[in-house]
Trainee: 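Shown below is the structure under consideration.
Each chain gets a letter, A, B and so on, in the order the sequences are listed, and its residues count up from 1.
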Amino acid sequence: MPSSDETIQSALQDYKYGWVTEIEQEYAPKGLNEDIVRMISAKKNEPEFMLEWRLRAYRHWLKMNAPQWPYFEYGPIDYQNQYYYAAPKSDKPKPKSLDEVDPEILATYEKLGIPLKEQEVLAGVAVDAVFDSVSVGTTYKAKLAELGIIFCSFSEAVENHPELVQKYLGTVVPYTDNFFATLNSAVFSDGSFVYIPKGVRCPMELSTYFRINAADTGQFERTLIVADEGAYVSYLEGCTAPKRSGNQLHAAVVELVALKDATIKYSTVQNWYPGDKDGNGGIYNFVTKRGKCLENAKISWTQVETGSAITWKYPSCILQGDNSVGEFYSVAVTNNHQKADTGTKMVHIGKNTSSTIVSKGISAGVGQNVYRGLVQINKKAGNARNYTQCDSMLMGDKCGAHTFPYIDVRNNSAHVEHEATTSKIGEDQIFYCQQRGLSEEDAVNLIVNGFCKEVFRELPMEFAVEAQKLLSISLEGSVG
Amino acid sequence: MSLLEIKNLCASIEGKQILKGVNLTVNPGEVHAIMGPNGSGKSTLSQVLAGNEAYEVTSGEIIFEGKNLLEMAPDERACEGIFMAFQYPVEIPGVGNTYFLKTAYNAVRKYRGLEEVDAVEFIKIMKEKAKLVELDDKLLKRNVNEGFSGGEKKRNEIFQMAVLDPRLAILDETDSGLDVDALRTVAGGVNKLRDEKRAIVCITHYQRILNYLEPDIVHILADGRIVRTGGSELAHEVEEKGYAWLEQGAA
Ligand SMILES: Nc1ncnc2c1ncn2[C@@H]1O[C@H](COP(=O)(O)OP(=O)(O)O)[C@@H](O)[C@H]1O
Ligand SMILES: [Mg+2]
């Protein structure tokens, strides 16, 4: 029998979602300049304010440099050698209902396990599917509309609810925010938009599946979720991308606005293509996600990150209103050559604000996992509380885990607690399970799932099951 | 045919020779006690039987029901019917005791060609076995050994033994860390699990658990060898005189 240590290095199983859909795509010419920005805006019949906003972002971006502070190096990205717009080519200008959607696209989603036909949709889940840059279909729209809930593609929101978009766009992540967010602001092609009216509790999980299909396409989607006073919504984002030898950039922006007494729960299950065993190809997932809480509001981020060659993101909460609550629950898995630099920022501005951070990093192969987090308690944030727990699990001895917690407290009534552990997956734990009859593989799954339990239990039920499966797929062959 | 036959077993850990030629035969229905001073190799023997890869078997044979045990992975041995109650049971954070044991139970059943049982069925089995060692129901809902007291961990081991129904149970110092009352219940539980098909090897430093278990055969392990084998009178002798006289005899 080989020891677990030497076998820990073996391969990640073949990426299950790595096929390409053969449909005709319409591209903007490669490269980036003002004309491309204007073209994207024109393609979408955007009002003047949108074009202006994009152009301001683009001009600002030209003055910026790509950040140098991440823990990992990544190859230089040639921004002029990418397509910034790709859409399924179709005679009809835009699908009005699911019946009009290209059957090839529907088949693609079915392969992904996301049937768009309403009767087949997982009970209680509404799906807005984004195929490359265009939203292809939204289910359950009618039912949601009865409650005044708006759940549509970003483009449709710009067209049909420009006043809402104008009011909230960029209020959490301004177009000047950071290199990748600014780029996104200039060229974002689509994404999802959600508005929950005052006092409405959204009766179902809202879900978006993004899929990068076209080669050499950066995907820049933008999501904006607004929960008006006293509203509640739970939103799930999942993603897959085809296998390609090169790296693809995914620079998304997600903005959440939780008005007074509102709650937004945002869950992500990310399994973008991680690259092959030797570290070739895979997605660069450089994403800006941030939410703003007004009085008594709550934003809860839950993420399970198993894919991408490099993951670089910090879903954050600006706790502006008094008594507001921010939460961040994260599982990040890196196997083979994957790298993840992820964490959160909790910025306490209001009084009696509280935040919870639970981060679980799992590294296998030669994977590297970084937790980077900021807890900032501002001067006027009396009685602010934070609890942070960062646990890292190492499988084998060629991977790494690193923790960079930044704590910035400017009000001395604050309570800030930080706990961190790093452990190797215990040979003694594996042996104990095996002695009771479990195979080594099952033992590892059991132990890893136990390690992640505090995060998984934050996920909606159906997705918690998915996340567990995904985790065992990602770690398959890492032991045994 | 004997259930277990150990022939001239030598084993080392981190290059250090611990077992230096152990011979032992265990028949179905028998209860053996293995006594010996600290560091004599008692835990090493049980870990080697269970297949812990941290230990290297340098020579010798272990035959279990006619099969070569040394060729089997630890989970295969467990499924074949070897159970070890750990001297230091391991905590598995975040994994529920019930879920853990159900997974193990079904893995063993599957190996033996039996239908797997569902949660409802399993809970029935579990409740019944928990009574055997008076295991608090609350512990079934907790995570595996997490935050258990020393005594609760030992009780949990015997409870697992009751559920998994092994052919050979090796109890590694199950008595240590138990107060008198707990010892009586746990030993009582083990006694209820005695039958003519199952064998029990009870490893202990002290004689007191043997008052309850009444072993058929007592062995003294010293410096990696079995230096004396006898009836229960041997355990009483050790209790009176300590181990020193036996170790001298071995030299
Ligand atoms: N991991 C280890 N590394 C080095 N020596 C060990 C290790 N485990 C046990 N030993 C040594 O092996 C010997 C036998 O230990 P053990 O089998 O645990 O004895 P017992 O159970 O009879 O008290 C002791 O001298 C102990 O120090
Ligand atoms: Mg011992």
Trainee: Given heavy-atom pairs under 4.5 angstrom as the criterion, report whether the side chain, backbone, both or neither of B:Ile92 touches chain A.
Mentor: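 Both parts, backbone and side chain.
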Trainee: Answer with yes or no after comparing the ring centroid distance for A:Phe431 and B:Phe86 against a 6.0 Å cut-off, counting only values under it.
Mentor: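 Under 6.0 Å, so yes.
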Trainee: According to salt bridge (charged side-chain N to carboxylate O under 4.0 Å, His left out), who are the partners of A:Glu417, at least two apart in sequence or on a separate chain?
Mentor: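 Checked A:Glu417 against salt bridge (charged side-chain N to carboxylate O under 4.0 Å, His left out); zero matches.
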Trainee: For the pair B:Glu80 and B:Arg167, find out whether any cationic side-chain nitrogen is under 4.0 Å from an anionic carboxylate oxygen.
Mentor: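 No, this pair does not count.
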Trainee: Any idea which of B:Ile82, B:Asn143, B:Asn52 has the most non-hydrogen atom pairs under 4.5 angstrom with chain A?
Mentor: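 Winner by heavy-atom pair count: B:Asn52.
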Trainee: Please confirm whether the ring centroid of A:Tyr371 lies under 6.0 Å from the ring centroid of A:Phe404.
Mentor: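 Centroid separation for A:Tyr371 and A:Phe404: 6.0 Å or greater.
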Trainee: Of all of A:Ala443, A:Gly426, A:Cys452, A:Gly437, which one pairs up most often with chain B through heavy atoms under 4.5 Å apart?
Mentor: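 Going by pairs under 4.5 Å, I would pick A:Gly437.
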Trainee: Between A:Arg436, A:Gln435, A:Arg457, who has the most heavy-atom pairs with chain B when the cutoff is under 4.5 Å?
Mentor: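 Counting heavy-atom pairs under 4.5 Å, the top option is A:Arg436.
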Trainee: Could you check, using the six-membered ring where one of them is a Trp, whether A:Tyr266 and A:Trp301 have ring centers closer than 6.0 angstrom?
Mentor: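 Yes - the distance between ring centres of A:Tyr266 and A:Trp301 falls below the 6.0 Å cut-off.
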Trainee: Describe, in one word, how the ring planes of B:Tyr105 and B:Phe122 are oriented to each other, choosing from parallel (under 30°), tilted (30 to 60°) and perpendicular (over 60°).
Mentor: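 Taking B:Phe122 first and then B:Tyr105, their aromatic rings sit tilted (interplane angle of 30° to 60°).
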Trainee: Pick one of side chain, backbone, both or neither for B:Tyr99, based on which atoms fall under 4.5 Å of a heavy atom in chain A.
Mentor: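 Side chain of B:Tyr99 only, per the 4.5 Å heavy-atom cut-off to chain A.
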Trainee: Check each atom of B:Glu76 against the heavy atoms of chain A and say whether the ones under 4.5 Å are side chain, backbone, both or neither.
Mentor: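 For B:Glu76, there is no contact with chain A at all, as no heavy atom is under 4.5 Å.
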Trainee: Counting only heavy atoms closer than 4.5 Å, note whether A:Cys433 contacts chain B via side chain, backbone, both or neither.
Mentor: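 A:Cys433 touches chain B through backbone and side-chain heavy atoms alike.
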Trainee: For chain A, which of B:Gly96, B:Gly51, B:Ala107 has the most heavy-atom pairs under 4.5 Å?
Mentor: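 Looking at each of B:Gly96, B:Gly51, B:Ala107 in turn, B:Gly51 comes out on top.
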Trainee: For A:Phe451, is it the side chain, the backbone, both, or neither that has a heavy atom closer than 4.5 Å to a heavy atom of chain B?
Mentor: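 Contact with chain B: backbone only.
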Trainee: Please report the closest heavy-atom contact between B:Lys42 and B:Leu221, naming both atoms and the distance.
Mentor: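 Nearest pair, atom of B:Lys42 first, then B:Leu221: N-CD2, 3.5 Å.
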